[in-house]
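The structure's right below; bear with me while I get my questions together.
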Amino acid sequence: MNTIQKIALVFSIIGAINWGLVGLFSFNLVEALFGNGMLTAIVYMIVGIAGIINIMLLFVDLDN
């Protein structure tokens, strides 16, 4: 796993934790930290891009 994939995985985990908080407690951590503006939208875009990058992990042999 290269560095970009590891960074993408971290952002995907952050996104998953945020969705878990939204689902369990109706608490959006990203909006609580960054407000409801452009910075929040950028964080969501980064998490989305990270998810797309992590799709590659389904098709790559990690044993090498």
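Position 1 is the first residue of the sequence, and the numbers go up from there. Because the structure is a prediction, the values reported are computed rather than measured.
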- Message: So for atom CE, which belongs to Met45, do other residues, nucleotides or ligands contribute more than 12 heavy atoms lying within a distance under 6.0 Å?
- Response: yes
- Note on the structure: Heavy-atom closest pair (Phe34 atom, Val43 atom, distance to 0.1 Å) is CE1-CG2, 3.8 Å
- Task: Drop me the distance from Leu9's CG to Ile14's CD1, to the nearest 0.5 angstrom.
- Result: 10.0 Å
- Non-neighbouring partners of Val22 that pass side chain to side chain contact (heavy atoms under 4.5 Å, CB included), sequence neighbours left out: Asn18, Trp19, Asn28
- Task: Name all residues meeting the side chain to side chain contact (heavy atoms under 4.5 Å, CB included) criterion together with Leu33; count only those two or more places apart in sequence or in a different chain, and write none if there are none.
- Result: Leu29
- Query: Of all heavy-atom pairs between Asn54 and Ala8, which one has the smallest distance, and what is that distance?
  - Reply: ND2-O, 3.2 Å
- Message: I'd like to know if Val60 and Ile52 are part of one continuous hydrophobic network [Ile/Leu/Val/Met/Phe/Trp/Tyr, side-chain heavy atoms within less than 4.5 Å].
- Response: no
- If you count the non-hydrogen atoms of other residues, nucleotides and ligands that lie under 6.0 Å from CZ in Phe11, is the total more than 12? no
- Message: Would a single hydrophobic cluster contain both Phe25 and Ile17, if residues Ile, Leu, Val, Met, Phe, Trp and Tyr are joined by side-chain heavy-atom contacts under 4.5 Å?
- Response: yes
- Hydrophobic cluster identity match, Val30 and Leu24, side-chain contacts under 4.5 Å: yes
- Query: When rounded to the nearest 0.5 angstrom, what distance separates CD1 in Ile4 from CE in Met56?
  - Reply: 8.0 Å
- Message: Nearest 0.5 Å, please: how far is OG in Ser12 from CD1 in Ile49?
- Response: 11.0 Å
- Note on the structure: Asn36 meets the side chain to side chain contact (heavy atoms under 4.5 Å, CB included) criterion, sequence neighbours left out, with Glu31
